[in-house]
A.B. asks: 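This is the structure, below, for whatever I ask next.
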Amino acid sequence: MGVEISEAFRLPEGSLVKIRGWVASKSEIGGLIFITLRDGTGYIQAAGKRGVVEEESFQRLKEVAKETSVEVEGTIRIDRRAPKGREVAIKSLKIIASADKWPITKSAVKSTSFLYDYRHLSIRGRKASSVIKIRWGVIKAAIEFFSQRGYCLISPPTIVQSACEGGATLFELDYFGQKAYLSQSAQFYEEAAICALGKVFVIQPAFRAEKSKTPKHLTEFWMIEAEKAFMDQEENMRLQEDLITYICKRVVEDHKEELAVLGREFKPPDTSFPRVTYDEVLKFASERNLSFKWGEDIPTAVEALLSKTQSKPFFITDYPLSARSFYHMTKPDNENITLSADLIAPEGHGEIATGGQRIHDYQTLLKRIESQEMPKENFRWYLELRRYGMPPHSGFGVGVERLTKWIAGLRHIRAASLFPRTPTRVNP
RNA sequence: GCCGCCGUAGCUCAGCGUGGUAGAGCAGCUGGCUGUUAACCAGUUGGUCGUCGGUUCAAGUCCGACCGGCGGCGCCA
């Protein structure tokens with residue numbers, strides 16, 4: 001019976017095993033051939049000695065190329081010379097599917113563009129696959145978190161006509177002759193759903209047609225979003241703290257090995273993240289000759305510098321309305337400042353979440369849409385929600401790949417995506 | 001959208017300043033090696049020098065345009 005490699009590490013010495021996997025590496029020393037097998041659960045060395053291996057199998061072993069898929073039968077042997085002190089002593093080897101010359105070489109790993117041109121193959125690498133597993137850990141933990149708190153997962157459409165963010169960054173498509181767009185956020189649909197379900201969350205892709213060539217932008221990325229009725233901005237920030245803290249803790253518990261492969265020493269933050277107001281950031285910037293105008297978005301350099309002074313995530317609160325989308329509620333005592341916050345990761349990783357309290361009053365929202373000269377007809381249903389008992393409510397969105405980038409300590413967000421979509425890359 | 005850098009073998013790069021018949025390492029292939037961990041040793045295959053145009057007796061090298069990628073900014077999440 002076949003065993004997985006992770007299981008083979010738990011079996012006693014001498015166990016007869018059959019392992020199916022791919023040849024991750026090979027080295028030949030005369031009548032002794034080593035192959036490293038990989039099956040998605042782990043790596044194990046298999047050693048074939050002439051005379052011990054059946055002769056036909058030994059010939060196949062000599063010919064086998066990197067990334068061939070094989071079935072190896074042999075016995076577990078404890079041997080300190082083997083990686084992790086254990087290997088399979090090969091008795092026989094079957095070739096399941098042969099492989100051409102493998103293009104991902106030692107020098108190829110130096111070339112970002114080559115690795116992403118060959119992403120369909122380079123994801124087999126130890127580091128690439130570890131990141132994908134960590135990303136799964138992030139999503140899995142988020143599902144656990146919301147599930148424990150009684151949130152309902154909803155799956156809104158990603159083909160939409162109303163834009164949550166600015167219209168300039170929408171991917172337009174022809175929907176049987178009508179204009180439609182790829183969704184930038186599920187937020188509007190969550191707002192509709194909370195009046196049916198109370199508290200909801202979403203895990204699905206979002207699309208932004210921004211030609212942003214930075215280490216933290218993808219044109220297609222996944223968001224974890226949540227929205228809750230009767231929740232104010234204060235409770236909203238606490239919810240984000242709890243979520244991020246939970247995810248970090250769970251990923252560290254479940255993915256020690258993957259983090260080690262990446263050389264990442266990650267300490268999960270304890271709860272209660274610092275809060276900095278927009279005005280304090282402005283002051284921080286002007287003290288360092290990086291000043292910007294009140295009302296503008298915070299420049300990358302300022303955010304990065306601030307982020308490097310922190311050891312855990314922190315909120316930037318009280319953003320000016322001019323730097324925010326139309327639906328944000330403003331403070332009761334200042335209509336120029338929104339009840340919203342960005343959550344910034346430390347070590348210069350930058351923004352990982354944004355949240356805020358939404359306008360729940362019909363007239364206020366109508367005035368806001370009109371004052372920003374937005375196409376009212378596209379927001380008809382969104383506005384209409386405010387005529388049928390819409391309570392105060394808040395929510396937020398976390399970028400899955402940005403969170404993964406921080407936890408895994410990645411230099412670029414594209415490494416957190418299986419097949420990243422960036423302004424210069426839509427294939428493979 | 002703006003600024004900068006780069007396109008030469010499957011990969012990483014040298015060659016370009018001062019124009020004159022294309023180089024190295026890695027990978028592959030062949031042979032050797034019974035404990036490799038980025039193995040080692042010997043041999044060897046492999047080229048539309050991104051594309052188009054210009055200058056010149058002659059262009060990988062000089063000039064122009066374009067295309068592609070990377071890094072950063074802006075915009076944004």
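Proteins come first, then strands; the chains are lettered A, B, ... in the order of their sequence lines, and each starts at number 1. What you are looking at is a predicted structure, and each value in this text was computed from that prediction instead of being measured.
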A.B. asks: Can you tell me the base-pairing partner of B:C62? Count Watson-Crick or G-U wobble geometry only, both distances below 3.5 Å, and say none if there is no partner.
C.D. replies: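 B:G54 - that is the nucleotide pairing with B:C62, both distances being under 3.5 Å.
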A.B. asks: Drop me the distance from A:Trp136's CH2 to A:Leu418's CG, to the nearest 0.5 angstrom.
C.D. replies: 14.5 Å
A.B. asks: Evaluate the ring planes of A:Tyr319 and A:Tyr278, with Trp represented by its six-membered ring, and classify them as parallel (under 30°), tilted (30 to 60°) or perpendicular (over 60°).
C.D. replies: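 Judged by the thresholds at 30° and 60°, the geometry between A:Tyr319 and A:Tyr278 is tilted.
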A.B. asks: CG of A:Asp100 versus P of B:A27: gap in Å, rounded?
C.D. replies: 18 Å
A.B. asks: Rounding to an integer number of Å, can you tell me how far A:Lys211 NZ sits from B:C70 P?
C.D. replies: 15 Å
A.B. asks: When you look at NZ of A:Lys26, are more than 12 heavy atoms from neighbouring residues, nucleotides or ligands closer to it than 6.0 Å?
C.D. replies: yes
A.B. asks: Which part of the nucleic acid does A:Phe114 contact within heavy-atom distance under 4.0 Å: base, sugar-phosphate only, or nothing?
C.D. replies: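 Sugar-phosphate: the residue A:Phe114, judged by heavy atoms under 4.0 Å, touches backbone atoms but no base.
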A.B. asks: Please work out if A:Glu225 contacts a base, only the sugar-phosphate, or nothing of the nucleic acid, heavy-atom cut-off 4.0 Å.
C.D. replies: nothing
A.B. asks: Are A:Tyr382 and A:Tyr327 an aromatic pair, judged by ring center distance below 6.0 Å?
C.D. replies: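 Not close enough - the centres of the two rings lie 6.0 Å or further apart.
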A.B. asks: Write down the distance separating the P atoms in B:C41 and B:G54, rounded off to the nearest Å.
C.D. replies: 50 Å
A.B. asks: Is B:G7 paired to anything, Watson-Crick or G-U wobble with both distances less than 3.5 Å, and if yes, which nucleotide?
C.D. replies: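 Looking at the geometry, B:G7 pairs with B:C67.
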A.B. asks: Could you measure between the two C1' atoms, the one in B:U56 and the one in B:C63, and give it in whole Å?
C.D. replies: 12 Å
A.B. asks: Looking only at atom P, what distance separates B:U18 and B:A39, rounded to whole Å?
C.D. replies: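 Straight-line distance between the two P atoms is 43 Å.
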A.B. asks: If the P atom of B:A14 is compared with that of B:G74, how far apart are they to the nearest Å?
C.D. replies: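 That atom pair is separated by 31 Å.
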A.B. asks: Between B:A58 and B:C16, how far apart are the C1' atoms? Round to whole Å, please.
C.D. replies: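 My reading of the C1' atoms in B:C16 and B:A58 gives 16 Å.
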A.B. asks: Can you check whether A:Trp102 and A:Tyr118 have ring centres sitting under 6.0 Å from each other?
C.D. replies: no
A.B. asks: Kindly indicate whether the side chain of A:Phe314, heavy atoms from C-beta on, has any atom under 4.5 Å from the side chain of A:Arg275.
C.D. replies: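 SC-SC contact between A:Phe314 and A:Arg275 ruled out.
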A.B. asks: What is the distance from NE2 of A:His412 to C1' of B:G71, rounded to the nearest Å?
C.D. replies: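 So the NE2-C1' distance, A:His412 to B:G71, works out to 9 Å.
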A.B. asks: Roughly how far apart, to the nearest Å, are B:G60 and B:C52 at atom P?
C.D. replies: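 About 13 Å, rounded to a whole number of Å.
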A.B. asks: Considering only heavy atoms from C-beta outward, does the side chain of A:Glu227 approach that of A:Arg358 to under 4.5 Å?
C.D. replies: yes
A.B. asks: Within this structure, what is the NZ-to-P distance between A:Lys62 and B:U30, rounded to whole angstrom?
C.D. replies: 10 Å
A.B. asks: The side chain of A:Leu32 is closest to which nucleotide in this list: B:C2, B:G69, B:U34?
C.D. replies: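 Minimum distance to the A:Leu32 side chain belongs to B:U34.
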A.B. asks: Classify the nucleic acid contact of A:Lys110 as base, sugar-phosphate or nothing, counting any heavy atom under 4.0 Å across all strands shown.
C.D. replies: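 It contacts sugar-phosphate atoms only.
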A.B. asks: Quick one: does A:Glu296 reach the base of B:G74 with a side-chain donor-acceptor pair under 3.5 Å?
C.D. replies: no
A.B. asks: Which nucleotide, B:G69, B:C73, B:A27, lies nearest any side-chain atom of A:Thr424?
C.D. replies: B:G69
A.B. asks: Which part of the nucleic acid, if any, lies within contact of A:Arg402, taking any heavy atom under 4.0 Å across all strands shown: a base, the sugar-phosphate backbone alone, or nothing?
C.D. replies: base
A.B. asks: Closest approach to the side chain of A:Lys213, judged atom by atom: which nucleotide of B:G10, B:G72, B:G74 is it?
C.D. replies: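 Looking only at side-chain atoms, A:Lys213 lies closest to B:G72.
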A.B. asks: Verify the contact: side-chain N or O of A:Ser111 to OP1 or OP2 of B:U12, cut-off strictly under 4.0 Å; return yes or no.
C.D. replies: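 Affirmative; the distance criterion is met.
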A.B. asks: For A:Asp117 and B:G10, what is the distance between atoms CG and C1' respectively, to the nearest whole Å?
C.D. replies: 13 Å
A.B. asks: Would you indicate which nucleotide in B:G69, B:C75, B:G10 comes nearest to any side-chain atom of A:Ser212?
C.D. replies: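 Output: B:C75.
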A.B. asks: When both hydrogen-bonding distances must be under 3.5 Å and the geometry is Watson-Crick or G-U wobble, what is B:C2 paired with, if anything?
C.D. replies: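 Answer to the pairing question: B:G72, which forms a Watson-Crick or G-U pair with B:C2.
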A.B. asks: Using a heavy-atom cut-off of under 4.0 Å over every strand shown, decide if A:Leu218 touches base, sugar-phosphate, or nothing.
C.D. replies: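 Base contact.
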A.B. asks: Between the protein and nucleotides 37-43 of chain B, which nitrogen or oxygen pairs are less than 3.5 angstrom apart?
C.D. replies:
residue : atom : partner : partner atom : Å
B:U37   : N3   : A:Arg81 : O            : 3.0
B:U37   : O4   : A:Arg81 : O            : 2.5
B:A39   : N6   : A:Glu28 : O            : 2.8

A.B. asks: Taking atom CH2 of A:Trp222 and atom OG of A:Ser417, what is their separation to the nearest 0.5 Å?
C.D. replies: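 That separation rounds to 10.5 Å.
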A.B. asks: Using purine N1 to pyrimidine N3 plus N6-O4 or O6-N4 for Watson-Crick, or N1-O2 and O6-N3 for G-U wobble, each under 3.5 Å, what pairs with B:U48?
C.D. replies: none
A.B. asks: Does the side chain of A:Val202 reach to within under 4.5 Å of the side chain of A:Pro156, using non-hydrogen atoms?
C.D. replies: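 Yes. Closest side-chain heavy atoms under 4.5 Å.
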A.B. asks: Contact class for A:Asp79 vs. all strands (heavy atom < 4.0 Å): base, sugar-phosphate, or nothing?
C.D. replies: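 Base contact - A:Asp79 has a heavy atom under 4.0 Å of at least one base atom.
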A.B. asks: Send over the distance from A:Leu121 CG to B:C11 C1', rounded to a whole Å.
C.D. replies: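 One finds 14 Å between C1' of B:C11 and CG of A:Leu121, rounded.
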A.B. asks: P atom, B:A27 versus B:G19: distance in rounded Å?
C.D. replies: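 To the nearest whole Å, 37 Å.
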A.B. asks: Around A:Glu55, counting heavy atoms of other residues, nucleotides and ligands shown, do more than 12 lie under 6.0 Å from its CD?
C.D. replies: yes
A.B. asks: Considering only atom C1', compute the distance from B:C49 to B:C6 and round it to an integer number of Å.
C.D. replies: 14 Å
A.B. asks: Figure out the CD1/P separation between A:Ile33 and B:G32, and round it to whole Å.
C.D. replies: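 Interatomic distance, CD1 of A:Ile33 to P of B:G32: 12 Å.
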A.B. asks: Atom CD of A:Gln184 and atom C1' of B:C75: how far apart are they, to the nearest Å?
C.D. replies: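 Going from A:Gln184 (CD) to B:C75 (C1'), I get 13 Å.
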